Protein chains: 2
Amino acid sequence: MAQAKPQNVKVKKSVTLRDVAKKADVSIATVSHVLNNTREVREQTRKRVQQAIDELSYHRNDIARELKTGSSGLVGVLIVDYNPFYTDVLRGIEEAVEPLGWKFVVASTGENWEKQKELLHVMISRRMQGILIAAVDGFDSKYVESVVPADIPIVLFDRRVAGSQMVSVTSMNFEGARQAVEHFYQHGYKKIGFVLGKDLISSFQDRKSGFEQEIKRLNLISRIEEDYPSIEGGYEAGRRLFSKLNYDFIPEAVLVGNNMMLIGFLEFLREHQLRVGVDVAVISFDYQAWCDVITPPMTVIRQSSKKMGVTAVNILKQKIDGNSPDDVRLQVELSIGGSCGCMQKINRSNHLF
Amino acid sequence: MAQAKPQNVKVKKSVTLRDVAKKADVSIATVSHVLNNTREVREQTRKRVQQAIDELSYHRNDIARELKTGSSGLVGVLIVDYNPFYTDVLRGIEEAVEPLGWKFVVASTGENWEKQKELLHVMISRRMQGILIAAVDGFDSKYVESVVPADIPIVLFDRRVAGSQMVSVTSMNFEGARQAVEHFYQHGYKKIGFVLGKDLISSFQDRKSGFEQEIKRLNLISRIEEDYPSIEGGYEAGRRLFSKLNYDFIPEAVLVGNNMMLIGFLEFLREHQLRVGVDVAVISFDYQAWCDVITPPMTVIRQSSKKMGVTAVNILKQKIDGNSPDDVRLQVELSIGGSCGCMQKINRSNHLF
DNA sequence: TTGTAAGCGTTATCAA
DNA sequence: TTGATAACGCTTACAA
């Protein structure tokens, strides 16, 4: 009895080297060499091959190629989420990767070590040239080091991992927080609040240390409220900071731990009719373009986010070239707007919105 | 004469199935089956294999696997840049892809067809399950259709391509612009400006048509200034719109074409002491969180950006399952703040910043 | 100047 | 319950 034809035949098998070779009446080796320009081919033959390629609209299967050659020309990037800070870093990576002739792909992990592990495996098993990682809370460097093959270099960015040998590029977070407190002090504020992200990652920890140390040095009064590093978290931490239960402590100035929390915190202030730069001085980590168009403009601790991306790629390049680059700490800049209490007069006359 | 050992021996060859098989004293087939749970294996054997895997810290080479199986479980996404709108879409994609057990990777092309072509090839040659594309200005659908294998479905998002058969998910841009003009009209404004991106992409074109049609219907006076869809472009277009040379036309209300241009445009207004919602009514495309914390809050035409991502994935899924899904046009919402001139009183009393 | 053939590390089809 | 072995589509010695 004749068997029925299977229904799900793959109609269009993809065109391979062999198809091209047959059509051009040459060997697959020749086609490969034409494709890669990797040995002399008679002009006439080359033309025939090229024509066959065009006619069949052949495209090399890079998976096969990579399996053979072992490298992909692709850099993998793991970010925590698509917030504006990381997207700035990505722009830097893009810029740096281009002249090297590489490409890169991105995946986001959330603040979730399990997911970061999974995506790390995606990157490893796709044999990336290298992997750039913003390490999440819970990052297990021992595990990573044991799992990643020696020929796939890893570079951490934005967040160091304590006790690991992995090279990293981060911002001078400690110094940034310190400067902010010092600036508040110069304005004469004595009671300083800090709206901080609760994750156990180096950037927040460093900011916390810098804050605490400077508070102590200048003999100020402070209060830190930690919450999720999100809009909601910023709102909540603000609420707790200004809670009526804190009779003894209503902050005159507040430092905010990142850009997302800032939005939530500003929302809180607006709802409670607290005027930025007048009733409460505010400085926040992370510059974004919109910080300039609000009134008063935000005073922010600005990271070199794009440069962070560029640097991460450079470090990666060095590792690939067999060097052992050192950790990099990028400068931060206290960029003065009006939200910290500076330029009150200018703000008043400039009060357009 | 003995030859010198080559200097660049690859010290650490990666661990393969074969290594594991040897160590566990089984065949590679068995190891493969243990890994993939694809046939019964005696408990004892399974344990031995698992142990070998752990001891060697073996990780499957997915490149080889894909070469064999032909599919990758990866979705490729091509965005134009990492602006907040696309990152919202990405969050939607992430959400939708997760329950399907897929992963996705992103690359950004700029408004640059050549680069988009290159990255499209990266995606094709890595044999993605499917590819989601925000088509750039210059997108050649004929070319794409000829180049992409039949078994890799493509879904366009954010931007349709005229005259192509490719399925797309976009926002009701026409309707959004129309509503904005109508809203201005209800406020009594007669002279309406439009700060628009100059790229030839469907979203801008649709917004332009919607704007023009409603202007005509309501018999209003208008002026469109096109520029790069960036902060600088927004600033420049604003400058031209309010140029002293336009004696006959100084806009009472301005529609802004996207979020980036909005920032530039707001910068322009501030510099020239034009008060938003008082001297000039403003409505902008694209909601971002910061739009709520400025004064007055922005009135925006809000796209369902996250839903766009979810929908794109759903469409992709349908195509993979062999269906022929239709184009989707997502609802937009005119989200009222104070910048359009609404709630003047509330703004005044609420004038915290 | 071109062709042959051996892998790369998997999966899958047989056979044992 | 397990093992041999042939692909997958490419690159690259080595041969011709």
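Small disclaimer: the values here were computed from a predicted structure and weren't measured. Quick note on labels: first sequence line is chain A, next is B, and so on, each numbered from 1.
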Output one line per pair: protein atom, nucleotide atom from nucleotides 10-14 of chain C, and distance, for all N/O pairs under 3.5 Å.
| residue | atom | partner | partner atom | Å |
| --- | --- | --- | --- | --- |
| dT10(C) | OP1 | Y58(B) | OH | 2.6 |
| dT10(C) | OP1 | N61(B) | N | 3.3 |
| dT10(C) | OP2 | L17(B) | N | 2.8 |
| dT10(C) | O5' | Y58(B) | OH | 3.2 |
| dT11(C) | OP1 | N36(B) | ND2 | 3.2 |
| dT11(C) | OP1 | R65(B) | NE | 2.9 |
| dT11(C) | OP2 | S32(B) | OG | 2.7 |
| dT11(C) | OP2 | N36(B) | ND2 | 3.3 |

Could you tell me which residues satisfy side-chain contact (heavy atoms from CB on, under 4.5 Å) with [X], sequence neighbours excluded, listed by chain and number?
X: K23(B); result: A52(B), E55(B), L56(B)
X: V310(B); result: E95(B), A96(B), N314(B)
X: E43(A); result: R46(A), K47(A)
X: Q44(A); result: R42(A), R48(A)

Rounded to 10°, the helix from dT1(C)-dA16(D) to dA16(C)-dT1(D) deviates from straight, judged by its five-pair end axes, by 40°
Between dG9(D) atom C1' and K22(A) atom NZ, what is the distance in whole Å?
14 Å
In whole angstroms, the gap separating P of dG9(C) from CD1 of I124(A) amounts to 16 Å
Sequence neighbours excluded, which residues qualify as salt bridge (charged side-chain N to carboxylate O under 4.0 Å, His left out) partners of [X]?
X: R60(A); answer: D62(A)
X: D321(A); answer: K317(A)
X: R127(A); answer: none

Does any pair with a residue in residues 29-73 of chain B pass ring pair (Phe, Tyr, Trp, His ring centres under 6.0 Å), and if so which ones, sequence neighbours excluded?
H121(A)-H59(B)
I want to confirm an ordering. Mapping L67(B) and T30(B) to their closest nucleotides on DNA chain D, which one lands closer to the 5' end?
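Its nearest nucleotide lies further toward 5', so the answer is T30(B).
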Where along residues 47-54 of chain B does a heavy atom fall under 4.0 Å from DNA chain D?
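When residues 47-54 of chain B is checked for heavy atoms under 4.0 Å from DNA chain D, there are no hits whatsoever.
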Under 3.5 Å, is there a donor on one side chain and an acceptor on the other for S164(B) and E145(B)?
no
Residues in ring-ring contact (aromatic ring centres under 6.0 Å, His included) contact with F85(B), at least two apart in sequence or another chain:
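F85(B) satisfies ring-ring contact (aromatic ring centres under 6.0 Å, His included) with no other residue.
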